[in-house]
> 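My questions will all concern the structure given below.
Residue numbers begin at 1 in each chain, while the letters A, B, ... track the order of the sequences. Worth saying up front: this structure is predicted, and the values here are computed from it rather than measured.
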Amino acid sequence: MTADSRKNERYNAREAEPRWQKIWDEREIFATRNDDPQPKYYVLEMFPYPSGRIHMGHVRNYTMGDVVARYKRAMGLNVLHPMGWDAFGMPAENAAMERKVHPKAWTYDNIATMKSQLQSMGLSLDWAREIATCDPGYYKHQQKMFLDFLKSGLVERKQSKVNWDPVDHTVLANEQVIDGRGWRSGALVEQRELTQWFFKISDYAQDLLAAIDTLDRWPEKVRLMQRNWIGRSEGLLVRFALDSNTTPNGESELDIFTTRHDTLFGAKFMALSPDHPLAAAAAAKNPALTEFIAECKRTGTAQELIDKAEKQGFDTGMKAIHPFDPSWKLPVYVANFILMDYGTGAIFGCPAHDQRDLDFVNKYSLGATAVVCPEGQDPKTFVITDIAYDGDGRMINSRFLDSMTIAQAKEEVARRLEKQIRGNRPVGERQINYRLRDWGISRQRYWGCPIPVIHCDTCGVVPVHEKDLPVRLPEDVDFDRPGNPLDRHPTWKSVTCPKCAKPARRETDTMDTFVDSSWYFARFTDPWIASAPTDRKMVDAWLPVDQYIGGIEHAILHLLYSRFFTRAMRATKHVGMDEPFAGLFTQGMVVHETYRRKGGDYVTPAEVKVEGAEGSRHATLIATGEPIEIGGIEKMSKSKRNTVDPDDIIATYGADTARWFMLSDSPPERDVNWTEDRVQGAARFVQRLWRLCGEVAEISKSAPAKSPVEFGTAAVVVRKAAHGALAKVSQEIDKLHFNVCVAHIYELANALGDSIGEIGSESDITSDFAWAAREAADILVQLFHPMMPHLAEECWAVLGHKTLVSVQPWPQVEPGLLIEDTITLPVQVNGKKRADVTVSRDAGNADIEAAVLMLDPVKRALEGKTPKKVIVVPQRIVNVVA
RNA sequence: GCCCCUGUGGCGGAAUUGGUAGACGCGCCAGACUCAAAAUCUGGUGGUGGCAACAUCGUGCUGGUUCGACUCCGGCCAGGGGCACCA
């Protein structure tokens with residue numbers, strides 16, 4: 001190809017990208033060998049749910065992971081970068097109901113589509129390790145681990161509430177309950193108690209909490225969210241005596257949990273959850289209370305409703321006795337703001353120091369006595385009316401606690417109540433409570449991993465024999481009727497009991513899909529082993545994942561469940577570590593402007609033409625020319641129709657342009673706004689790099705094979721730019737600051753282009769410059785290779801290399817080029833910049849000071865005054881203080 | 001309600017973590033090439049004043065610490081996110 005013919009040629013991504021993908025594939029350069037002796041690096045992006053097609057969020061997520069994978073590979077590490085499918089879940093069953101396709105067929109079709117989409121992005125994935133969680137070869141091992149967990153006491157069955165649709169006779173997920181009604185039937189949803197399977201994650205509450213401190217490469221935000229979710233609180237369990245003359249069945253005791261036992265002398269009432277057994281007992285003899293409790297339950301569980309609901313209570317007539325004063329009786333209420341799930345489902349109310357309690361007593365005129373007085377306040381005048389005081393202070397109105405700090409008072413109360421014995425137990429016990437509840441994994445659905453147990457009338461719950469795993473999903477199921485197809489399957493349920501051989505029934509619940517995604521990262525380390533979930537040697541060598549990348553929406557459940565599951569796997573000897581993800585990165589969303597017609601219907605960006613500069617932008621519908629209203633920038637979603645299809649972008653501009661766009665400008669943790677202008681900017685840069693490499697290829701024909709001994713000024717300028725960019729990009733890519741890397745790559749391209757532009761004619765090209773330009777172009781291509789790998793291969797070939805840039809080691813910085821002989825320091829007078837001073841790199845402070853005071857702008861700014869002092873910050877700045 | 005994050009030109013954002021605010025990109029303006037357009041290239045582009053050198057203001061608002069503050073501290077405002085009426 002001659003230089004002239006190339007000049008007008010454009011880089012054709014549509015032709016080049018599949019070509020390079022094929023070459024990578026044929027040479028298997030992204031296949032990871034488990035026996036590679038290099039140090040390992042495991043980079044993983046959250047695997048997708050096969051919903052149908054990939055979206056721009058996937059493009060962003062997987063591009064970031066791919067940059068890391070390619071960079072770490074170039075750094076000489078043995079990189080594991082696998083991909084799989086979170087393939088079980090409700091949408092497959094919904095599709096089955098709506099479109100009469102089998103969930104399996106629907107899922108595998110989607111996987112095929114999405115796989116080819118991902119492949120068109122040029123991701124450096126090891127597809128040989130592909131996993132689909134709906135594959136019996138995967139869920140077999142999950143069932144095995146369930147049985148191991150069961151044996152180790154990590155699983156239990158217990159009653160729990162579910163949303164029950166009385167018309168469809170089916171259990172609904174929270175998302176299927178809309179305004180208290182079933183999404184399909186529209187029937188009012190009922191709360192029902194079912195016996196369900198649970199993983200005992202709460203056993204690990206303390207460990208999961210404490211270990212958050214060790215996750216120093218996780219975002220602080222996620223760590224905080226997990227801490228709050230686990231919700232540890234230290235308090236006191238207090239057994240209040242009840243006046244048994246006032247209780248329905250002579251009950252004589254009420255357990256409460258409190259973290260504010262210091263305020264015990266401010267108590268005004270006791271309150272029970274509407275779900276509390278004692279409330280139920282009292283209600284049995286009191287129709288009005290029954291009605292009140294029913295009313296509370298009708299309020300629903302939706303957060304918003306509860307938030308807005310007024311604090312309400314019902315006086316049961318029961319009396320509790322103050323633990324420090326037998327003559328002090330407290331009324332016992334049932335109150336709508338007490339949760340049965342937390343603590344003991346009962347509290348004592350101290351209105352002066354808890355806003356909820358204060359709102360409550362103000363409604364029922366029970367009064368409020370302040371028992372904590374803020375420092376500096378006069379206790380005599382300190383009263384509480386509308387706003388509770390929850391700050392620090394000294395105890396007042398509290399008998400033997402008076403004048404103590406809160407901490408001292410808590411200690412004193414705990415000590416006294418621990419010693420006070422009633423029956424055989426102390427009245428007070430120090431207790432630590434967690435908000436974290438056990439993980440209910442039972443789902444009454446078809447498209448999930450079957451729970452491998454058998455129910456026998458004689459033997460009870462019997463685990464399936466390991467040799468009988470997997471318990472496979474039957475394929476001949478129908479979705480004509482609501483409810484669980486497994487439950488109504490004619491034969492699947494019927495088995496013989498493994499213990500007594502009598503007829504028995506299979507468990508028809510399947511597992512929560514969060515179970516599937518709680519160990520896939522471990523399976524990737526050896527997805528071929530058939531005899532066990534993991535190969536201990538492999539899994540222990542590869543885990544933890546060095547860099548995990550995904551959406552913030554998984555900050556709590558997926559990540560916390562995975563942390564628990566890894567601990568459970570360790571307890572059952574399937575892995576040798578506690579924490580699955582050493583580094584976590586949560587990327588921002590992809591957002592886009594919204595467009596709607598006059599009528600209010602949203603229209604897609606593809607249907608709209610936007611014109612005009614910022615401020616005077618207006619849009620029209622391409623088909624009809626009708627004006628379109630430009631709306632806000634929002635997360636890409638089907639409902640807002642503001643999505644851009646990755647396939648369209650790749651077909652129009654190529655994968656590299658899409659990838660480059662995703663990495664440019666916006667910091668990866670923030671939202672990125674997809675705009676047509678910026679996509680075109682990215683596409684332009686692709687062409688510019690292509691032309692630039694062509695020019696350098698032409699110039700470098702006159703380059704010597706070996707590095708010249710001496711370099712002229714022009715060559716040194718280019719070399720400094722190249723090595724400077726190399727140093728910066730290497731540093732920023734490690735911190736995942738891709739947008740900053742992009743900026744430095746632009747700078748290098750600009751610098752190299754400028755240098756070439758300054759050459760008058762071809763005969764002016766010196767051999768040292770030719771060599772330097774060639775070196776700079778090589779570095780440039782290697783720097784953008786992780787981001788735009790196809791273009792990089794193409795440019796690499798144009799530059800005359802016979803190798804693949806994808807397998808090149810990362811270039812080495814020549815440190816000497818980063819050090820300047822002279823440095824230019826900004827000079828400030830009283831903190832305002834007035835001049836620059838250029839001095840030799842090793843100039844002493846006295847020399848710099850002298851040089852600075854000679855500068856005209858400095859003299860002018862000083863107005864003849866003598867400076868009080870001159871601050872010289874080495875290699876940084878000079879400040880003259882007048 | 002509580003907690004967290006963010007706030008920098010027309011826009012996305014950068015700033016070596018206390019040391020030249022606005023890198024880089026987008027957009028816009030002017031010019032070159034062209035019959036013309038696209039593409040490409042060159043130059044300009046925070047506000048105000050000035051022909052200019054330059055001056056002056058400027059990182060949500062407001063105080064403070066400092067030789068020096070986008071960066072640290074106090075108070076406020078706005079936007080976004082999370083959540084637990086959690087005793």
Side-chain angles (χ1 to χ4, degrees), chain A residues 7-8 10 219-222 224-225 227-229 231-233 235-236 238 256-261 263 271 273 303 306-309 311 335-339 341-350 353-357 359-360 390 433-435 552-553 555-556 613-617 660-661 664-667 669-673 675-682 684-685 687-688 691 728 731-732 737 739-750 753 757 824-836 857 860 867-871 873-882:
Chain A
K7 255 179 195 161
N8 297 318
R10 290 175 62 76
E220 193 46 54
K221 182 182 178 166
V222 174
L224 185 76
M225 281 163 81
R227 282 193 193 101
N228 289 342
W229 190 261
R232 177 191 157 106
S233 55
L236 199 65
V238 184
I256 63 104
F257 175 72
T258 180
T259 56
R260 290 303 302 270
H261 32 292
T263 66
S273 162
Q303 195 49 55
I306 296 172
D307 269 348
K308 285 173 185 158
K311 308 279 174 287
N336 65 349
F337 62 99
I338 307 300
L339 304 174
D341 284 328
Y342 190 80
T344 61
I347 61 147
F348 85 85
C350 176
H353 305 290
D354 184 298
Q355 192 61 44
R356 292 158 302 173
D357 295 349
D359 292 345
F360 186 80
D390 61 2
N433 248 309
Y434 298 91
R435 196 184 79 88
I552 186 77
E553 66 273 20
I556 296 174
E614 210 71 43
S616 64
R617 294 172 75 243
W660 186 254
F661 180 99
S664 305
D665 296 359
S666 294
E669 69 279 8
R670 280 204 227 163
D671 292 350
V672 62
N673 185 18
T675 69
E676 193 58 28
D677 280 340
R678 286 185 41 217
V679 179
Q680 282 173 9
R684 267 203 302 275
F685 188 56
Q687 297 299 337
R688 209 174 117 211
R691 281 195 307 274
K728 282 173 187 150
Q731 181 192 316
E732 297 297 330
H737 292 172
N739 57 321
V740 184
C741 294
V742 163
H744 290 305
I745 290 170
Y746 267 108
E747 277 178 338
L748 174 53
N750 291 345
T824 301
L825 296 174
V827 178
Q828 298 183 332
V829 177
N830 291 330
K832 261 188 193 175
K833 197 207 160 189
R834 295 293 174 185
D836 291 300
R860 229 183 302 138
K868 289 203 189 86
K869 67 175 155 173
V870 179
I871 294 157
V873 184
Q875 313 294 313
R876 281 264 183 274
I877 201 168
V878 182
N879 193 10
V880 181
V881 185

> Considering only atom C1', compute the distance from B/G79 to B/U8 and round it to an integer number of Å.
15 Å

> Find the partner of B/G9: check Watson-Crick (N1-N3 plus N6-O4 or O6-N4) and G-U wobble (N1-O2, O6-N3) distances, both under 3.5 Å, and reply none if neither fits.
none

> With both distances under 3.5 angstrom, what nucleotide forms a Watson-Crick or G-U wobble pair with B/G18?
none

> Taking atom C1' in both B/U6 and B/U59, what distance in whole Å separates the two?
13 Å

> On a whole-Å scale, what distance lies between the P atoms belonging to B/G81 and B/C76?
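So the two P atoms sit 23 Å from each other.
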
> Since syn is defined as within 90° of 0, does B/U17 count as syn or as anti?
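Glycosidic conformation of B/U17: syn.
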
> Hey, are the side chains of A/Val881 and A/Lys869 touching, using non-hydrogen atoms and a 4.5 Å cut-off?
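Yes, at least one pair of side-chain atoms sits under 4.5 Å.
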
> A/Arg232 has an atom CZ; how far is it from atom C1' of B/A84, in whole Å?
17 Å

> Heavy-atom distance under 4.5 Å between the side chains of A/Ile347 and A/Asp354, does that happen here?
no

> Taking the side chain as C-beta and beyond, is there a heavy-atom pair between A/Ile552 and A/Val222 under 4.5 Å?
yes

> Send over the distance from A/Arg435 CZ to B/C2 C1', rounded to a whole Å.
13 Å

> Less than 4.5 Å apart, side chain to side chain, heavy atoms only: is that true for A/Asn830 and A/Lys832?
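They are not in contact (no side-chain heavy atoms under 4.5 Å apart), so the answer is no.
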
> Using atom C1' in both nucleotides, what's the gap between B/G27 and B/C11 to the nearest angstrom?
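So the two C1' atoms sit 7 Å from each other.
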
> Within the 4.0 Å limit for protein heavy atoms, which parts of nucleotides 65-73 of chain B are touched? Write it as a string from 5' to 3', B for base, S for sugar-phosphate only, - for none.
--BS-----

> If I take atom CZ from residue A/Phe337 and atom NZ from residue A/Lys311, how far apart are they, to the nearest 0.5 angstrom?
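Atom-to-atom, A/Phe337:CZ and A/Lys311:NZ are 7.0 Å apart.
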
> Tell me which nucleotide among B/A14, B/A21, B/C26 gets nearest to the side chain of A/Asp677.
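In terms of side-chain proximity for A/Asp677, the closest of B/A14, B/A21, B/C26 is B/C26.
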
> Please tell me which of the listed nucleotides, B/C85, B/A55, B/A87, lies nearest to the side chain of A/Lys311?
B/C85

> Quick one: do A/Val238 and A/Phe348 satisfy side chain to side chain contact (heavy atoms under 4.5 Å, CB included)? Show the steps, please.
CA-CA 9 Å; A/Val238 184; A/Phe348 85 85; over 6 Å; no

> Determine the contact category for A/Pro857: base if any of its heavy atoms lies under 4.0 Å from a base atom, sugar-phosphate if only primed atoms, P, OP1 or OP2 are that close, otherwise nothing.
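Contact class for A/Pro857: none.
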
> Please report, rounded to the nearest Å, how far the P atom of B/G13 is from the CD1 atom of A/Ile745.
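In whole Å, B/G13 P lies 19 Å from A/Ile745 CD1.
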
> Quickly work out the A/Glu747 CD to B/G22 C1' distance and round it to whole Å.
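Interatomic distance, CD of A/Glu747 to C1' of B/G22: 13 Å.
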
> Between A/Arg860 and A/Pro857, is there a side-chain heavy-atom distance shorter than 4.5 Å?
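The answer is yes, as the side chains (C-beta and beyond) meet within the 4.5 Å cut-off.
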
> Using the C1' atoms only, state how far B/C70 lies from B/G46, rounded to an integer number of Å.
15 Å

> Who does B/U34 pair with, Watson-Crick or G-U, both distances under 3.5 Å?
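Base partner found: none.
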
> Using whole Å, report how far CZ of A/Arg678 lies from P of B/C11.
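It works out to 14 Å between those atoms.
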
> Using a cut-off of 4.0 Å on non-hydrogen atoms, how would the nucleic acid contact of A/Arg227 be classed: base, sugar-phosphate, or nothing?
nothing

> Looking only at atom C1', what distance separates B/A21 and B/G13, rounded to whole Å?
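Their C1' atoms lie roughly 13 Å apart.
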
> Measuring from the side chain of A/Phe337 (C-beta onward, heavy atoms only), which nucleotide among B/C85, B/A87, B/U40 has the closest atom?
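Given the options B/C85, B/A87, B/U40, the side chain of A/Phe337 is closest to B/C85.
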
> Please walk me through it: do A/Val878 and A/Val870 pass side chain to side chain contact (heavy atoms under 4.5 Å, CB included)?
CA-CA 7 Å; A/Val878 182; A/Val870 179; 3.8 Å; yes

> Establish, for the pair A/Arg678 and A/Phe661, whether the NZ or CZ atom is under 6.0 angstrom from the six-membered ring centre and no further than 45 degrees off its axis.
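Yes, A/Arg678 sits over the ring of A/Phe661.
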
> From the list B/G19, B/U40, B/C83, which nucleotide is the closest neighbour of the side chain of A/Arg876?
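My answer, after comparing the listed nucleotides, is B/G19.
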
> Checking A/Asp671 now: which residues fulfil salt bridge (Lys or Arg N to Asp or Glu O under 4.0 Å) with it, not counting sequence neighbours?
none

> Given B/A84, B/G25, B/U20, identify the nucleotide with an atom nearest to the side chain of A/Pro826.
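So the side chain of A/Pro826 is nearest to B/U20.
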
> In the strands shown, is B/G49 matched to any nucleotide by a Watson-Crick or G-U wobble pair with both distances under 3.5 Å, and which?
B/C54

> Which sits closer to the 5' end of RNA chain B, A/Phe257 or A/Val878, going by the nucleotide each is nearest to?
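Per heavy-atom nearest nucleotide, the more 5' residue is A/Val878.
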
> Mind checking A/Asn750 for me? I need base, sugar-phosphate or nothing, with any heavy atom below 4.0 Å counting as a touch.
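Sugar-phosphate only.
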
> Please figure out whether A/Arg688 or A/Val672 has its closest RNA chain B nucleotide nearer the 5' end.
A/Val672

> Which glycosidic conformation, syn or anti, is assigned to B/G9 if syn requires a torsion within 90° of zero?
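Judged by the O4'-C1' to base torsion, B/G9 sits in syn, the angle falling within 90° of 0.
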
> Need one value for A/Thr258: base, sugar-phosphate or nothing, where a base atom within 4.0 Å counts as base even if backbone is also close, heavy atoms only.
sugar-phosphate

> From the options B/G81, B/G13, B/C26, select the nucleotide whose nearest atom is closest to the side chain of A/Ser666.
B/G13

> Compare the minimum distances between each of B/A14, B/U20, B/C3 and the side chain of A/Leu224, then state the nucleotide with the smallest one.
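Shortest atom-to-atom distance from the side chain points to B/C3.
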
> Using the P atom in both, what is the distance from B/A30 to B/C77, to the nearest Å?
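That atom pair is separated by 45 Å.
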
> Roughly how many Å apart are B/G58 and B/G64, using the P atom of each and rounding to a whole number?
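To the nearest whole Å, 15 Å.
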
> Starting from P on B/C85, measure out to NE2 on A/His353 and report it in whole angstrom.
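Between P of B/C85 and NE2 of A/His353: 23 Å.
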
> Output the single nucleotide from B/A84, B/G27, B/G82 whose closest atom is nearest the side chain of A/Arg684.
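Among the listed nucleotides, the one closest to the side chain of A/Arg684 is B/G27.
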
> When rounded to the nearest 0.5 angstrom, what is the spacing between CD1 in A/Ile338 and CD1 in A/Ile256?
10.5 Å

> Of all the choices, B/U6, B/A87, B/C83, which nucleotide is nearest to the side chain of A/Arg670 once you look at every atom?
B/U6

> Below the 4.0 Å mark, does B/U20 have OP1 or OP2 next to a side-chain nitrogen or oxygen of A/Thr824?
no

> Quick one: is A/Tyr342 getting a side-chain N or O under 4.0 Å of the B/A87 phosphate, OP1 or OP2?
yes

> Which listed nucleotide (B/A15, B/C57, B/C85) is nearest to the side chain of A/Val740?
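Among B/A15, B/C57, B/C85, the one nearest the side chain of A/Val740 is B/A15.
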
> Over how many whole Å does the gap from A/Asp836 atom CG to B/A21 atom P extend?
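Those two atoms, CG and P, are 10 Å apart.
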
> Within the 4.0 Å heavy-atom criterion, would you say A/Arg356 contacts the bases, only the backbone, or no part of the nucleic acid?
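If one applies the 4.0 Å heavy-atom cut-off, A/Arg356 turns out to touch a base.
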
> Tell me what A/Lys832 touches on the nucleic acid: a base, only sugar-phosphate, or nothing, going by heavy atoms under 4.0 Å.
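Sugar-phosphate only.
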
> Which whole-number value in Å describes the distance from A/Gln731 CD to B/A14 P?
15 Å

